[in-house]
Amino acid sequence: MRVTREITIAATPDFLWTLLWDVPRMVECVPGCAEAKEIAPHQRYAARMTQKVGPIRLVVPLEVEILAAEPPRRLALLARGRDPAVGAEISMQVTLEIDRRGEASVLGIVAEGRILGTLGTLGHGVIERKAGDMLDEFGLRLRQAAEA
């Protein structure tokens with residue numbers, strides 16, 4: 001699965017970059033993120049996601065590893081986890097690219113992932129739609145946090 005989005009945010013790339021590293025603010029921006037904590041600054045994080053996809057409710061503890069950080073332009077991460085109750089395994093690589101456009105920034109998001117187990121049986125279209133909805137909501141919340 002691959003989902004992409006572009007979000008225009010009325011903030012400088014430096015401000016947006018700082019916001020992306022603010023763990024409590026990101027918990028508020030990421031749909032379904034119940035909690036997150038820093039394990040090793042700018043390297044590893046732990047998070048817990050809750051989502052409902054079709055008839056399946058997931059509670060997934062995630063390990064998040066920063067793969068690349070090029071301030072204030074590019075951030076790449078890998079999030080992996082498994083819901084033990086449902087037996088769903090999730091692996092998602094997310095790349096965020098920030099470009100300046102006048103007084104604003106454009107955040108490009110590319111999310112590529114795979115989902116195995118019970119959740120994977122729902123079908124590619126359902127999962128891709130849910131991922132797209134989550135990115136749209138993330139973009140809206142991030143814009144609101146940046147512009148507040």
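The residues of the chain are indexed from 1 along the displayed sequence.
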Between Asp83 and Val60 (side chain of the first, backbone of the second, donor and acceptor by atom type, cut-off under 3.5 Å), is there such a pair?
no
Leu135 with Val110, same ILVMFWY side-chain cluster at under 4.5 Å:
no
Shortest non-hydrogen contact from Ala111 toward Met92
CB-SD, 3.9 Å
Glu97 with Arg73: basic N within carboxylate O range, under 4.0 Å
yes
Could you tell me whether Arg80 and Glu65 make a salt bridge, using a distance below 4.0 angstrom between a side-chain N and a carboxylate O?
yes
Distance-only criterion, 3.5 Å: show the donor-acceptor pairs between side-chain atoms of residues 46-58 and protein atoms not counting sequence neighbours.
from: Arg48; atom 1: NE; to: Glu35; atom 2: OE2; distance (Å): 3.0
from: Gln51; atom 1: OE1; to: Lys130; atom 2: NZ; distance (Å): 3.2
from: Gln51; atom 1: NE2; to: Pro31; atom 2: O; distance (Å): 2.9

Can Leu96 be reached from Val30 by stepping across I, L, V, M, F, W or Y side chains whose heavy atoms are under 4.5 Å apart?
yes
Hey, can you pull the donor-acceptor pairs under 3.5 Å for the side chains in residues 3-20, sequence neighbours left out?
from: Arg5; atom 1: NE; to: Asp136; atom 2: OD1; distance (Å): 2.5
from: Arg5; atom 1: NH2; to: Gly132; atom 2: O; distance (Å): 3.4
from: Thr12; atom 1: OG1; to: Phe15; atom 2: N; distance (Å): 3.1
from: Thr18; atom 1: OG1; to: Asp14; atom 2: O; distance (Å): 3.1

Correct closest heavy-atom pair for Glu128 and Met1 would be CA-SD, 4.0 Å
Does Arg100 use its side chain to pair, donor to acceptor, with the backbone of Gly102 at less than 3.5 Å?
yes
side-chain contact (heavy atoms from CB on, under 4.5 Å) between Leu75 and Thr95, worked out:
CA-CA 6 Å; Leu75 178 62; Thr95 303; over 6 Å; no
Spell out, yes or no, whether Ile90 and Leu78 are grouped together once hydrophobic residues are joined by side-chain heavy atoms under 4.5 Å, including indirect joins.
no
Pairs touching residues 33-55 that satisfy ring pair (Phe, Tyr, Trp, His ring centres under 6.0 Å), sequence neighbours left out
Trp21-His42
Walk me through it: do Glu38 and Gln43 pass the test side-chain contact (heavy atoms from CB on, under 4.5 Å)?
CA-CA 8 Å; Glu38 195 173 61; Gln43 295 174 20; over 6 Å; no
Stepwise side-chain contact (heavy atoms from CB on, under 4.5 Å) test for Leu142 and Met26:
CA-CA 8 Å; Leu142 184 64; Met26 286 301 98; 3.5 Å; yes
Rounded to the nearest 0.5 Å, what's the gap from CD on Glu28 to CD on Gln144? Could you check?
11.0 Å
Heavy-atom side-chain proximity of Arg82 to Pro84 below 4.5 angstrom:
yes
Treating Ile, Leu, Val, Met, Phe, Trp and Tyr as nodes and any side-chain heavy-atom pair under 4.5 angstrom as an edge, say whether Leu107 and Val23 lie in one connected cluster.
yes
How many angstroms lie between atom SG of Cys29 and atom CZ of Arg143, to the nearest 0.5 angstrom?
11.5 Å
The test is side-chain contact (heavy atoms from CB on, under 4.5 Å); show your working for Gln93 and Leu77 and say whether it passes.
CA-CA 6 Å; Gln93 184 167 333; Leu77 62 91; over 6 Å; no
Exceeds 12 heavy-atom contacts within 6.0 angstrom, atom CD of Glu147:
yes
Between Met134 and Val86, is there shared hydrophobic-cluster membership here, with clusters defined by ILVMFWY side-chain heavy atoms closer than 4.5 Å?
yes
